[in-house]
Visitor: 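First, the structure itself, so that you have it in front of you.
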Protein chains: 2
Amino acid sequence: MKRIIEGDMEKVSEFTVRRLSGYFRILADLEQNDVVTVSSARLGELGGVTSAQVRKDLSYFGNFGTRGLGYKVSDLKNTIMKILGLKKEWKMALFGAGSLGRALFFHDGFKEDGFFFTRIFDTDPAKIGASWGNIRIQPVSEAEESLQNDPVNIGVVTTPKSAAQATVDLMVRVGVKGVLNFAPVRVEIPSEIWLRNVNLAVALESLSFYMSSQ
Amino acid sequence: MKRIIEGDMEKVSEFTVRRLSGYFRILADLEQNDVVTVSSARLGELGGVTSAQVRKDLSYFGNFGTRGLGYKVSDLKNTIMKILGLKKEWKMALFGAGSLGRALFFHDGFKEDGFFFTRIFDTDPAKIGASWGNIRIQPVSEAEESLQNDPVNIGVVTTPKSAAQATVDLMVRVGVKGVLNFAPVRVEIPSEIWLRNVNLAVALESLSFYMSSQ
DNA sequence: TAGATTGTTAATCGATTAACAATC
DNA sequence: TAGATTGTTAATCGATTAACAATC
(Lines give C-alpha, C1' and ligand atoms only; values in the text may rest on other atoms or scores of the structure.)
Protein backbone atom coordinates (compact mmCIF):
# COMPACT_ATOMS: atom_id res chain seq x y z
CA MET A 1 0.00 0.00 0.00
CA LYS A 2 1.47 3.28 -1.10
CA ARG A 3 0.66 6.69 0.19
CA ILE A 4 -0.60 9.53 -1.92
CA ILE A 5 2.04 11.95 -3.10
CA GLU A 6 4.97 11.19 -0.84
CA GLY A 7 8.67 10.69 -0.93
CA ASP A 8 8.33 7.06 -1.87
CA MET A 9 6.31 8.00 -4.95
CA GLU A 10 7.56 6.06 -7.95
CA LYS A 11 8.28 8.07 -11.03
CA VAL A 12 4.83 8.96 -12.34
CA SER A 13 4.89 9.74 -16.02
CA GLU A 14 3.17 12.64 -17.73
CA PHE A 15 1.17 9.98 -19.58
CA THR A 16 -0.31 8.77 -16.33
CA VAL A 17 -1.06 12.29 -15.14
CA ARG A 18 -2.92 13.15 -18.32
CA ARG A 19 -4.97 9.99 -18.10
CA LEU A 20 -5.84 10.80 -14.50
CA SER A 21 -7.29 14.08 -15.80
CA GLY A 22 -9.45 11.98 -18.11
CA TYR A 23 -10.60 9.60 -15.40
CA PHE A 24 -11.48 12.57 -13.22
CA ARG A 25 -13.79 14.01 -15.87
CA ILE A 26 -15.45 10.65 -16.51
CA LEU A 27 -15.97 10.07 -12.80
CA ALA A 28 -17.51 13.52 -12.41
CA ASP A 29 -19.95 12.66 -15.20
CA LEU A 30 -20.77 9.27 -13.67
CA GLU A 31 -21.33 10.89 -10.29
CA GLN A 32 -23.68 13.39 -11.88
CA ASN A 33 -25.61 10.46 -13.34
CA ASP A 34 -25.84 8.84 -9.90
CA VAL A 35 -23.62 5.91 -10.80
CA VAL A 36 -22.27 4.53 -7.52
CA THR A 37 -19.55 2.07 -8.50
CA VAL A 38 -17.40 1.53 -11.57
CA SER A 39 -14.96 -1.18 -12.59
CA SER A 40 -11.59 -0.56 -14.20
CA ALA A 41 -13.03 -2.22 -17.32
CA ARG A 42 -15.90 0.26 -17.54
CA LEU A 43 -13.73 3.25 -16.71
CA GLY A 44 -11.27 2.14 -19.35
CA GLU A 45 -14.02 1.73 -21.91
CA LEU A 46 -15.28 5.25 -21.24
CA GLY A 47 -11.76 6.65 -21.38
CA GLY A 48 -10.49 4.67 -24.35
CA VAL A 49 -7.81 2.74 -22.48
CA THR A 50 -7.44 -0.84 -21.24
CA SER A 51 -8.58 -1.90 -17.79
CA ALA A 52 -5.00 -2.84 -16.98
CA GLN A 53 -3.93 0.70 -17.79
CA VAL A 54 -6.52 2.13 -15.40
CA ARG A 55 -5.46 -0.16 -12.56
CA LYS A 56 -1.77 0.46 -13.22
CA ASP A 57 -2.26 4.24 -13.25
CA LEU A 58 -4.13 4.17 -9.94
CA SER A 59 -1.68 1.73 -8.37
CA TYR A 60 1.03 4.41 -8.27
CA PHE A 61 -0.97 6.21 -5.61
CA GLY A 62 -2.64 3.52 -3.52
CA ASN A 63 -5.32 0.82 -3.39
CA PHE A 64 -8.61 2.49 -4.02
CA GLY A 65 -10.74 -0.39 -5.27
CA THR A 66 -12.47 -3.39 -3.78
CA ARG A 67 -11.83 -6.78 -5.35
CA GLY A 68 -14.98 -8.16 -6.89
CA LEU A 69 -16.72 -4.80 -6.77
CA GLY A 70 -14.66 -2.08 -8.40
CA TYR A 71 -14.34 1.53 -7.28
CA LYS A 72 -16.76 3.88 -5.54
CA VAL A 73 -17.30 6.65 -8.07
CA SER A 74 -17.47 9.49 -5.56
CA ASP A 75 -14.50 8.34 -3.52
CA LEU A 76 -12.30 7.74 -6.55
CA LYS A 77 -13.23 11.12 -8.00
CA ASN A 78 -12.22 12.81 -4.78
CA THR A 79 -9.03 10.78 -4.52
CA ILE A 80 -7.98 11.74 -8.02
CA MET A 81 -8.82 15.39 -7.34
CA LYS A 82 -6.51 15.21 -4.34
CA ILE A 83 -3.78 13.55 -6.41
CA LEU A 84 -4.03 16.20 -9.12
CA GLY A 85 -4.01 19.01 -6.59
CA LEU A 86 -7.54 20.12 -7.42
CA LYS A 87 -8.67 20.36 -3.82
CA LYS A 88 -6.76 23.60 -3.41
CA GLU A 89 -7.50 26.92 -5.04
CA TRP A 90 -4.84 28.09 -7.45
CA LYS A 91 -4.38 31.79 -8.19
CA MET A 92 -3.31 32.71 -11.68
CA ALA A 93 -2.11 35.87 -13.41
CA LEU A 94 -2.88 36.36 -17.08
CA PHE A 95 -0.37 38.16 -19.30
CA GLY A 96 -1.93 39.18 -22.58
CA ALA A 97 -5.52 40.37 -22.74
CA GLY A 98 -6.16 39.31 -26.33
CA SER A 99 -8.89 37.03 -27.56
CA LEU A 100 -7.09 33.89 -26.36
CA GLY A 101 -6.52 35.40 -22.93
CA ARG A 102 -10.17 36.35 -22.82
CA ALA A 103 -11.27 32.83 -23.74
CA LEU A 104 -9.12 31.35 -20.98
CA PHE A 105 -10.28 33.94 -18.48
CA PHE A 106 -13.90 33.03 -19.03
CA HIS A 107 -13.28 29.28 -19.49
CA ASP A 108 -15.62 27.48 -17.08
CA GLY A 109 -13.49 24.34 -16.90
CA PHE A 110 -10.76 26.19 -15.06
CA LYS A 111 -13.03 27.53 -12.32
CA GLU A 112 -14.58 24.11 -11.79
CA ASP A 113 -11.08 22.74 -11.19
CA GLY A 114 -10.18 25.48 -8.72
CA PHE A 115 -8.08 27.66 -11.02
CA PHE A 116 -8.86 31.37 -10.75
CA PHE A 117 -7.41 34.36 -12.51
CA THR A 118 -6.81 37.11 -9.99
CA ARG A 119 -4.86 39.48 -12.22
CA ILE A 120 -4.75 40.53 -15.88
CA PHE A 121 -1.90 42.45 -17.51
CA ASP A 122 -1.46 43.95 -20.95
CA THR A 123 0.59 46.68 -22.61
CA ASP A 124 -2.14 47.99 -24.89
CA PRO A 125 -3.44 51.36 -23.59
CA ALA A 126 -6.74 50.62 -25.31
CA LYS A 127 -7.25 47.60 -23.06
CA ILE A 128 -5.82 48.87 -19.78
CA GLY A 129 -8.48 50.01 -17.36
CA ALA A 130 -11.21 47.82 -18.77
CA SER A 131 -12.52 45.01 -16.60
CA TRP A 132 -13.28 41.36 -17.25
CA GLY A 133 -15.64 40.07 -14.62
CA ASN A 134 -14.46 42.01 -11.61
CA ILE A 135 -10.78 42.04 -12.56
CA ARG A 136 -9.31 45.20 -13.98
CA ILE A 137 -6.75 44.99 -16.78
CA GLN A 138 -3.51 46.51 -15.45
CA PRO A 139 -0.48 47.77 -17.33
CA VAL A 140 2.41 45.31 -17.40
CA SER A 141 4.57 48.02 -15.85
CA GLU A 142 2.62 47.50 -12.62
CA ALA A 143 2.86 43.72 -12.73
CA GLU A 144 6.01 43.17 -10.72
CA GLU A 145 5.01 45.32 -7.77
CA SER A 146 1.43 44.11 -7.88
CA LEU A 147 2.43 40.45 -7.85
CA GLN A 148 5.02 40.97 -5.12
CA ASN A 149 2.27 42.36 -2.87
CA ASP A 150 -0.31 39.72 -3.71
CA PRO A 151 1.31 36.67 -5.28
CA VAL A 152 -0.16 34.06 -7.58
CA ASN A 153 0.77 30.41 -8.02
CA ILE A 154 0.62 30.19 -11.78
CA GLY A 155 1.38 32.55 -14.66
CA VAL A 156 -0.42 32.18 -17.98
CA VAL A 157 1.26 33.57 -21.11
CA THR A 158 -0.88 34.63 -24.06
CA THR A 159 1.39 37.44 -25.23
CA PRO A 160 2.92 37.62 -28.70
CA LYS A 161 6.01 35.44 -29.22
CA SER A 162 8.30 38.45 -28.92
CA ALA A 163 7.15 39.22 -25.37
CA ALA A 164 6.99 35.69 -24.02
CA GLN A 165 10.50 35.36 -22.58
CA ALA A 166 10.42 38.71 -20.78
CA THR A 167 7.01 37.83 -19.40
CA VAL A 168 8.25 34.51 -18.07
CA ASP A 169 11.31 36.17 -16.55
CA LEU A 170 9.05 38.58 -14.69
CA MET A 171 6.88 35.72 -13.48
CA VAL A 172 9.92 33.91 -12.16
CA ARG A 173 11.06 37.06 -10.32
CA VAL A 174 7.76 37.37 -8.50
CA GLY A 175 7.84 33.71 -7.49
CA VAL A 176 5.29 31.82 -9.53
CA LYS A 177 5.64 28.04 -9.21
CA GLY A 178 4.14 27.15 -12.58
CA VAL A 179 3.86 28.65 -16.06
CA LEU A 180 1.36 27.81 -18.75
CA ASN A 181 2.71 29.14 -22.03
CA PHE A 182 0.52 29.57 -25.11
CA ALA A 183 3.08 31.58 -27.08
CA PRO A 184 4.59 29.38 -29.80
CA VAL A 185 8.21 29.74 -28.65
CA ARG A 186 10.42 27.80 -26.29
CA VAL A 187 11.07 29.86 -23.18
CA GLU A 188 13.96 29.40 -20.77
CA ILE A 189 12.99 28.87 -17.17
CA PRO A 190 14.75 27.74 -13.98
CA SER A 191 14.38 24.01 -13.49
CA GLU A 192 12.47 24.35 -10.21
CA ILE A 193 9.59 26.14 -11.96
CA TRP A 194 7.08 23.88 -13.72
CA LEU A 195 6.37 24.75 -17.32
CA ARG A 196 3.76 23.48 -19.73
CA ASN A 197 3.59 24.66 -23.33
CA VAL A 198 0.32 24.55 -25.25
CA ASN A 199 0.43 25.12 -28.96
CA LEU A 200 -2.99 25.32 -30.55
CA ALA A 201 -1.60 24.70 -34.04
CA VAL A 202 -0.02 21.33 -33.26
CA ALA A 203 -3.29 19.38 -33.10
CA LEU A 204 -4.39 20.92 -36.40
CA GLU A 205 -1.06 20.08 -38.01
CA SER A 206 -1.38 16.51 -36.84
CA LEU A 207 -4.84 16.38 -38.42
CA SER A 208 -3.57 17.73 -41.71
CA PHE A 209 -0.65 15.29 -41.68
CA TYR A 210 -2.89 12.26 -41.39
CA MET A 211 -5.51 13.75 -43.72
CA SER A 212 -2.84 14.32 -46.36
CA SER A 213 -1.50 10.78 -46.11
CA GLN A 214 -5.11 9.58 -46.65
CA MET B 1 15.81 6.40 -49.74
CA LYS B 2 12.13 6.67 -48.92
CA ARG B 3 9.52 8.73 -50.60
CA ILE B 4 7.42 11.31 -48.85
CA ILE B 5 4.00 10.13 -47.75
CA GLU B 6 3.49 6.98 -49.73
CA GLY B 7 2.31 3.45 -49.39
CA ASP B 8 5.64 2.29 -48.10
CA MET B 9 5.51 4.80 -45.24
CA GLU B 10 6.50 3.10 -42.02
CA LYS B 11 4.20 3.63 -39.09
CA VAL B 12 4.88 7.23 -38.12
CA SER B 13 3.94 7.87 -34.53
CA GLU B 14 2.02 10.86 -33.23
CA PHE B 15 5.18 11.67 -31.26
CA THR B 16 7.11 12.13 -34.45
CA VAL B 17 4.35 14.24 -36.03
CA ARG B 18 4.22 16.59 -33.07
CA ARG B 19 7.98 16.99 -33.10
CA LEU B 20 7.84 17.79 -36.81
CA SER B 21 5.50 20.65 -35.93
CA GLY B 22 8.17 21.88 -33.58
CA TYR B 23 10.98 21.60 -36.11
CA PHE B 24 8.85 23.48 -38.59
CA ARG B 25 8.43 26.44 -36.26
CA ILE B 26 12.13 26.49 -35.39
CA LEU B 27 13.10 26.35 -39.05
CA ALA B 28 10.72 29.20 -39.86
CA ASP B 29 12.42 31.27 -37.15
CA LEU B 30 15.89 30.38 -38.40
CA GLU B 31 14.89 31.26 -41.95
CA GLN B 32 13.60 34.60 -40.74
CA ASN B 33 16.99 35.20 -39.13
CA ASP B 34 18.75 34.36 -42.40
CA VAL B 35 20.35 31.18 -41.11
CA VAL B 36 21.18 29.05 -44.15
CA THR B 37 22.10 25.62 -42.78
CA VAL B 38 21.44 23.78 -39.55
CA SER B 39 22.72 20.50 -38.12
CA SER B 40 20.57 17.92 -36.38
CA ALA B 41 22.50 18.78 -33.22
CA ARG B 42 21.55 22.46 -33.40
CA LEU B 43 17.97 21.75 -34.39
CA GLY B 44 17.69 19.32 -31.51
CA GLU B 45 19.15 21.83 -29.09
CA LEU B 46 16.60 24.44 -30.17
CA GLY B 47 13.77 21.93 -29.94
CA GLY B 48 14.79 20.22 -26.73
CA VAL B 49 15.45 16.80 -28.24
CA THR B 50 18.57 14.77 -29.11
CA SER B 51 20.22 15.00 -32.51
CA ALA B 52 19.52 11.30 -33.01
CA GLN B 53 15.84 11.97 -32.47
CA VAL B 54 15.85 14.69 -35.13
CA ARG B 55 17.57 12.45 -37.68
CA LYS B 56 15.36 9.50 -36.84
CA ASP B 57 12.18 11.60 -37.21
CA LEU B 58 13.28 12.89 -40.59
CA SER B 59 14.45 9.48 -41.78
CA TYR B 60 10.85 8.22 -41.96
CA PHE B 61 10.31 10.54 -44.91
CA GLY B 62 13.56 10.63 -46.84
CA ASN B 63 17.16 11.84 -46.84
CA PHE B 64 17.12 15.59 -46.60
CA GLY B 65 20.55 16.34 -45.22
CA THR B 66 24.09 16.46 -46.51
CA ARG B 67 26.74 14.54 -44.62
CA GLY B 68 29.29 16.88 -43.18
CA LEU B 69 27.06 19.91 -43.68
CA GLY B 70 23.63 19.42 -42.20
CA TYR B 71 20.33 20.61 -43.62
CA LYS B 72 19.42 23.63 -45.72
CA VAL B 73 17.03 25.59 -43.51
CA SER B 74 14.72 26.71 -46.29
CA ASP B 75 14.56 23.36 -48.01
CA LEU B 76 13.93 21.43 -44.83
CA LYS B 77 11.24 23.88 -43.76
CA ASN B 78 9.47 23.41 -47.06
CA THR B 79 9.88 19.65 -46.92
CA ILE B 80 8.35 19.48 -43.46
CA MET B 81 5.51 21.75 -44.55
CA LYS B 82 4.81 19.33 -47.37
CA ILE B 83 4.96 16.35 -45.00
CA LEU B 84 2.55 18.01 -42.57
CA GLY B 85 0.17 18.96 -45.35
CA LEU B 86 0.69 22.68 -44.83
CA LYS B 87 1.19 23.45 -48.53
CA LYS B 88 -2.53 23.12 -49.13
CA GLU B 89 -5.25 25.40 -47.88
CA TRP B 90 -7.63 23.78 -45.43
CA LYS B 91 -11.17 25.07 -45.02
CA MET B 92 -12.68 24.85 -41.59
CA ALA B 93 -16.15 25.32 -40.10
CA LEU B 94 -16.47 26.58 -36.54
CA PHE B 95 -19.32 25.36 -34.37
CA GLY B 96 -19.74 27.51 -31.30
CA ALA B 97 -19.21 31.26 -31.48
CA GLY B 98 -18.19 31.71 -27.85
CA SER B 99 -15.02 33.27 -26.57
CA LEU B 100 -12.94 30.20 -27.35
CA GLY B 101 -14.32 30.00 -30.87
CA ARG B 102 -13.56 33.66 -31.29
CA ALA B 103 -9.98 33.19 -30.11
CA LEU B 104 -9.44 30.36 -32.57
CA PHE B 105 -11.10 32.28 -35.38
CA PHE B 106 -8.69 35.18 -34.97
CA HIS B 107 -5.66 33.04 -34.11
CA ASP B 108 -2.86 34.08 -36.45
CA GLY B 109 -0.99 30.80 -36.19
CA PHE B 110 -3.75 28.98 -38.06
CA LYS B 111 -3.77 31.32 -41.02
CA GLU B 112 0.00 31.16 -41.32
CA ASP B 113 -0.30 27.38 -41.58
CA GLY B 114 -2.99 27.52 -44.26
CA PHE B 115 -6.02 26.83 -42.04
CA PHE B 116 -8.96 29.14 -42.73
CA PHE B 117 -12.39 29.33 -41.18
CA THR B 118 -14.98 29.75 -43.92
CA ARG B 119 -18.08 29.25 -41.80
CA ILE B 120 -19.29 29.97 -38.25
CA PHE B 121 -22.37 28.43 -36.65
CA ASP B 122 -24.11 29.01 -33.34
CA THR B 123 -27.56 28.54 -31.84
CA ASP B 124 -27.65 31.78 -29.87
CA PRO B 125 -30.00 34.29 -31.58
CA ALA B 126 -27.99 37.08 -29.99
CA LYS B 127 -24.94 35.99 -31.97
CA ILE B 128 -26.51 34.95 -35.25
CA GLY B 129 -26.19 37.58 -37.94
CA ALA B 130 -23.11 39.21 -36.48
CA SER B 131 -19.88 38.93 -38.46
CA TRP B 132 -16.32 38.09 -37.50
CA GLY B 133 -13.96 39.36 -40.13
CA ASN B 134 -16.03 38.87 -43.24
CA ILE B 135 -17.75 35.69 -42.06
CA ARG B 136 -21.33 35.91 -40.87
CA ILE B 137 -22.45 33.78 -37.92
CA GLN B 138 -25.16 31.44 -39.18
CA PRO B 139 -27.77 29.46 -37.26
CA VAL B 140 -26.83 25.81 -36.76
CA SER B 141 -30.11 24.91 -38.44
CA GLU B 142 -28.60 26.11 -41.71
CA ALA B 143 -25.34 24.25 -41.23
CA GLU B 144 -26.11 21.00 -42.96
CA GLU B 145 -27.41 22.55 -46.18
CA SER B 146 -24.78 25.23 -46.18
CA LEU B 147 -21.93 22.73 -45.79
CA GLN B 148 -23.38 20.39 -48.39
CA ASN B 149 -23.25 23.22 -50.90
CA ASP B 150 -19.82 24.47 -50.00
CA PRO B 151 -17.89 21.82 -48.04
CA VAL B 152 -15.05 22.22 -45.59
CA ASN B 153 -12.21 19.84 -44.75
CA ILE B 154 -12.18 20.24 -40.99
CA GLY B 155 -14.79 20.89 -38.32
CA VAL B 156 -13.86 22.65 -35.10
CA VAL B 157 -16.05 22.08 -32.03
CA THR B 158 -16.21 24.74 -29.32
CA THR B 159 -19.81 24.05 -28.30
CA PRO B 160 -20.85 23.09 -24.77
CA LYS B 161 -20.32 19.43 -23.86
CA SER B 162 -24.00 18.66 -24.30
CA ALA B 163 -23.97 19.68 -27.98
CA ALA B 164 -20.66 18.14 -28.98
CA GLN B 165 -21.83 14.72 -30.17
CA ALA B 166 -24.70 16.09 -32.29
CA THR B 167 -22.31 18.62 -33.78
CA VAL B 168 -19.80 15.93 -34.69
CA ASP B 169 -22.56 13.77 -36.18
CA LEU B 170 -23.59 16.67 -38.41
CA MET B 171 -20.00 17.23 -39.46
CA VAL B 172 -19.67 13.60 -40.42
CA ARG B 173 -22.86 13.76 -42.47
CA VAL B 174 -21.56 16.68 -44.52
CA GLY B 175 -18.29 14.90 -45.15
CA VAL B 176 -15.57 16.57 -43.10
CA LYS B 177 -12.34 14.56 -43.04
CA GLY B 178 -11.08 15.84 -39.70
CA VAL B 179 -12.50 17.09 -36.41
CA LEU B 180 -10.80 19.22 -33.80
CA ASN B 181 -12.79 18.93 -30.59
CA PHE B 182 -12.38 21.37 -27.70
CA ALA B 183 -15.44 20.16 -25.79
CA PRO B 184 -14.30 18.09 -22.79
CA VAL B 185 -16.18 14.93 -23.73
CA ARG B 186 -15.27 11.87 -25.74
CA VAL B 187 -17.22 11.89 -28.99
CA GLU B 188 -17.93 8.86 -31.17
CA ILE B 189 -16.81 9.15 -34.76
CA PRO B 190 -16.40 6.76 -37.70
CA SER B 191 -12.88 5.41 -37.86
CA GLU B 192 -12.14 6.94 -41.27
CA ILE B 193 -12.56 10.48 -39.88
CA TRP B 194 -9.53 11.88 -38.07
CA LEU B 195 -10.19 13.26 -34.61
CA ARG B 196 -8.07 15.28 -32.24
CA ASN B 197 -9.26 16.30 -28.80
CA VAL B 198 -7.82 19.36 -27.09
CA ASN B 199 -8.61 19.88 -23.45
CA LEU B 200 -7.35 23.17 -22.10
CA ALA B 201 -7.65 22.00 -18.50
CA VAL B 202 -5.28 19.05 -18.85
CA ALA B 203 -2.08 21.09 -19.01
CA LEU B 204 -3.15 23.07 -15.95
CA GLU B 205 -3.99 19.89 -14.06
CA SER B 206 -0.60 18.50 -14.91
CA LEU B 207 0.97 21.68 -13.53
CA SER B 208 -1.02 21.46 -10.30
CA PHE B 209 -0.13 17.77 -9.94
CA TYR B 210 3.59 18.43 -10.06
CA MET B 211 3.29 21.65 -8.05
CA SER B 212 1.41 19.76 -5.32
CA SER B 213 4.00 16.99 -5.16
CA GLN B 214 6.67 19.70 -4.68
C1' DT C 1 42.50 15.49 -47.53
C1' DA C 2 40.62 15.92 -42.60
C1' DG C 3 36.72 17.21 -40.06
C1' DA C 4 31.95 17.23 -39.69
C1' DT C 5 27.65 15.31 -39.86
C1' DT C 6 24.27 12.30 -41.83
C1' DG C 7 21.38 7.97 -42.08
C1' DT C 8 20.75 3.70 -39.96
C1' DT C 9 21.39 -0.30 -37.02
C1' DA C 10 21.47 -2.32 -32.65
C1' DA C 11 21.05 -1.56 -27.66
C1' DT C 12 18.48 0.55 -24.18
C1' DC C 13 14.90 2.41 -21.89
C1' DG C 14 10.22 2.99 -20.55
C1' DA C 15 5.32 2.36 -21.20
C1' DT C 16 1.54 -0.87 -22.05
C1' DT C 17 -0.67 -5.17 -21.68
C1' DA C 18 -1.63 -9.99 -20.40
C1' DA C 19 -2.17 -12.95 -16.93
C1' DC C 20 -3.28 -14.50 -12.48
C1' DA C 21 -3.19 -15.05 -7.43
C1' DA C 22 -5.57 -12.56 -3.89
C1' DT C 23 -9.85 -11.52 -2.09
C1' DC C 24 -14.32 -9.14 -1.75
C1' DT D 1 -19.87 -20.24 -1.71
C1' DA D 2 -19.11 -18.78 -6.75
C1' DG D 3 -18.35 -14.95 -9.62
C1' DA D 4 -16.25 -10.71 -10.23
C1' DT D 5 -12.65 -7.70 -10.11
C1' DT D 6 -8.56 -5.80 -8.03
C1' DG D 7 -3.43 -5.10 -7.53
C1' DT D 8 0.79 -6.59 -9.25
C1' DT D 9 4.27 -9.20 -11.70
C1' DA D 10 6.32 -10.58 -15.85
C1' DA D 11 6.12 -10.34 -20.90
C1' DT D 12 5.59 -7.47 -24.74
C1' DC D 13 5.69 -3.67 -27.40
C1' DG D 14 7.32 0.61 -29.08
C1' DA D 15 10.04 4.79 -28.66
C1' DT D 16 14.56 6.82 -27.72
C1' DT D 17 19.42 6.87 -27.82
C1' DA D 18 24.22 5.50 -28.70
C1' DA D 19 27.31 4.33 -31.90
C1' DC D 20 29.45 4.20 -36.26
C1' DA D 21 30.16 3.37 -41.22
C1' DA D 22 29.21 6.22 -45.13
C1' DT D 23 30.26 10.34 -47.27
C1' DC D 24 30.12 15.35 -48.14
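Chain letters run A, B, ... following the sequence lines, proteins first and then strands; every chain starts at 1.
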Visitor: Roughly, in whole Å, what's the span from CZ in B:Phe64 to C1' in C:dT8?
Guide: 15 Å
Visitor: Please give, in whole Å, the distance from D:dC13 C1' to B:Phe15 CZ?
Guide: 13 Å
Visitor: Looking just at side-chain N and O atoms, do A:Ser146 and A:Arg119 make a donor-acceptor pair shorter than 3.5 Å?
Guide: yes
Visitor: To the nearest Å, give me how far apart CD (B:Gln53) and P (C:dT8) are.
Guide: 16 Å
Visitor: Taking only the side-chain nitrogens and oxygens of B:Tyr71, find out if one of them lies under 4.0 Å from OP1 or OP2 of D:dC24.
Guide: no
Visitor: Can you name the residues that form a ring pair (Phe, Tyr, Trp, His ring centres under 6.0 Å) with A:Tyr23, not counting sequence neighbours?
Guide: none
Visitor: In dot-bracket notation, what is the pairing pattern of DNA chain C, taking Watson-Crick (N1-N3 plus N6-O4 or O6-N4) and G-U wobble (N1-O2 and O6-N3) contacts under 3.5 Å, with [ ] crossing and | for other strands?
Guide: ..||||||||||||||||||||||
Visitor: Remember a base hit wins even if backbone is also touched, and classify B:Arg42 as base, sugar-phosphate or nothing at under 4.0 Å, heavy atoms.
Guide: nothing
Visitor: Does OP1 or OP2 of D:dT17 have a side-chain N or O of B:Thr50 closer than 4.0 Å?
Guide: yes
Visitor: Which nucleotide sits closest to the side chain of B:Arg67: C:dT16, C:dT17, C:dG7?
Guide: C:dG7
Visitor: Starting at OG1 of A:Thr159, measure out to CD of A:Gln165 and round the result to the nearest 0.5 Å.
Guide: 10.0 Å
Visitor: Rounded to whole Å, please give me the gap between CD in B:Glu14 and C1' in D:dG14.
Guide: 15 Å
Visitor: Can you say whether the rings of A:Phe110 and A:Phe117 are parallel (under 30°), tilted (30 to 60°) or perpendicular (over 60°)?
Guide: tilted
Visitor: Side-chain polar contacts of residues 85-108 of chain A - donor-acceptor pairs under 3.5 angstrom, sequence neighbours left out - could you list them?
Guide:
residue : atom : partner  : partner atom : Å
A:Lys87 : NZ   : A:Asn78  : OD1          : 2.5
A:Lys88 : NZ   : B:Ser212 : OG           : 3.1
A:Trp90 : NE1  : A:Gly85  : O            : 2.7

Visitor: For A:Leu207, which of B:Leu180, B:Val17, B:Leu195 qualifies under side chain to side chain contact (heavy atoms under 4.5 Å, CB included)?
Guide: B:Leu180
Visitor: If you round to the nearest 0.5 Å, how far is CD of A:Glu14 from CZ of A:Arg18?
Guide: 5.0 Å
Visitor: Under 4.0 Å, heavy atoms only, any strand: does B:Ser40 hit a base, just the sugar-phosphate, or nothing?
Guide: sugar-phosphate
Visitor: Is B:Asn63 close enough to D:dT23 that one of its side-chain N or O atoms is under 4.0 Å from OP1 or OP2 there?
Guide: no
Visitor: To the nearest angstrom, how far is B:Asp57 atom CG from D:dT16 atom P?
Guide: 7 Å
Visitor: Once you round it to whole Å, what is the distance between C1' of D:dT17 and CG of B:Leu58?
Guide: 16 Å
Visitor: Which listed nucleotide (C:dT17, C:dG7, D:dT6) is nearest to the side chain of A:Lys56?
Guide: C:dT17
Visitor: Within this structure, what is the CG-to-P distance between A:Leu20 and C:dA15, rounded to whole angstrom?
Guide: 14 Å
Visitor: Hey, does A:Ser13 reach any base, or is it just sugar-phosphate, or nothing, if we go heavy atoms under 4.0 Å?
Guide: sugar-phosphate
Visitor: May I ask you to evaluate whether A:Arg19 reaches the phosphate of C:dT16, defined as a side-chain N or O under 4.0 Å from OP1 or OP2?
Guide: yes
Visitor: Could you give the NZ-to-P distance, from A:Lys11 to C:dG14, as a whole number of Å?
Guide: 9 Å
